[in-house]
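Residue numbers run from 1 in the order of the sequence given. Worth knowing before you read on, the calculation uses all heavy atoms, side chains too, and leaves out hydrogens, waters and symmetry mates.
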Amino acid sequence: MENRIVAVRYYNVWFYLQLQSELDIAKFLYLSKRIDAGENFVMKDLYRWCTVQKIKYKTKFIYRKDFPVKANLWNFYSYVRSKIENNICKITF
């Protein structure tokens with residue numbers, strides 16, 4: 001199977017997930033159904049889900065012109081804080 005990249009947007013942050021097997025696709029479809037059903041997810045939940053499911057991912061912050069500057073700044077701060085927390089967790093565990 002060829003690797004597939006899928007994207008999930010959380011406000012200003014895009015999560016690019018690398019699906020490497022049929023099992024990864026099934027896991028992602030389950031996650032998608034949960035999101036579509038309105039289940040609450042925060043950025044930390046998405047990081048944790050990818051880690052627990054052993055799904056490789058990359059994230060990217062995108063400035064959104066449809067958001068106020070203050071919201072973009074707050075979301076950027078949250079993004080950077082999450083990146084730092086996740087890297088610390090990867091190192092200490």
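A 4.5 Å side-chain heavy-atom check between Thr51 and Arg48 finds every atom pair outside the cut-off. Ser82 is not listed as a side-chain neighbour of Lys44, based on a closest heavy-atom distance of 4.5 Å or more. Using a 4.5 Å heavy-atom cutoff, the side chains of Gln18 and Lys58 are not in contact. Side-chain contact between Trp49 and Leu31: present, with at least one pair of heavy atoms (C-beta onward) separated by less than 4.5 Å. In this structure the side chain of Trp74 never reaches within 4.5 angstrom of the side chain of Lys70, judged on heavy atoms. The side-chain heavy atoms of Lys56 and Leu17, taken from C-beta on, include no pair separated by under 4.5 Å.
Other residues, nucleotides and ligands contribute more than 12 heavy atoms inside 6.0 Å of the OH atom of Tyr63.
Considering all non-hydrogen atoms of both residues, Asp24 and Gln20 come closest at OD2-N, 2.9 Å.
Scored by the side chain to side chain donor-acceptor pair (under 3.5 Å) test, Arg34 finds Glu39 as partners (sequence neighbours excluded). Every residue two or more places apart in sequence or in another chain was checked for a ring-ring contact (aromatic ring centres under 6.0 Å, His included) with Tyr11, and none qualifies. For Phe28, the ring-ring contact (aromatic ring centres under 6.0 Å, His included) test picks out no residue, with sequence neighbours left out. Asp36 is linked by a salt bridge (charged side-chain N to carboxylate O under 4.0 Å, His left out) to nothing, counting only residues two or more places apart in sequence or in another chain. For Phe67, there are no ring-ring contact (aromatic ring centres under 6.0 Å, His included) partners two or more places apart in sequence or in a different chain.
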**Request:** Kindly determine whether Val13 and Lys60 satisfy side chain to side chain contact (heavy atoms under 4.5 Å, CB included), including the steps that lead there.
**Result:** CA-CA 6 Å; Val13 179; Lys60 185 175 183 179; over 6 Å; no

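At distances below 3.5 Å, at least one donor-acceptor pair connects side-chain atoms of Lys27 with backbone N or O atoms of Gln53.
Lys83 NZ to Met43 CE: the interatomic distance, rounded to the nearest 0.5 Å, is 10.5 Å. Atom CG of Leu19 and atom CG of Asn3 lie 8.5 Å apart (nearest 0.5 Å).
The only option from Ile35, Thr59, Asn75, Leu46 that meets the side-chain contact (heavy atoms from CB on, under 4.5 Å) definition with Tyr10 turns out to be Leu46.
Cluster membership check: Ile55 does not share its hydrophobic cluster with Tyr30, using side-chain heavy-atom separations under 4.5 Å among Ile, Leu, Val, Met, Phe, Trp and Tyr. Hydrophobic cluster membership is shared by Ile84 and Tyr47, with clusters built from Ile, Leu, Val, Met, Phe, Trp and Tyr side chains linked at under 4.5 angstrom.
Here Tyr16 is tied into one hydrophobic group with Ile5, Trp14, Ile62, each link being a pair of ILVMFWY side chains closer than 4.5 Å.
Ring geometry for Phe61 against Phe76 counts as perpendicular: the plane angle is over 60°, on a 0 to 90° scale with 30° as the lower cut.
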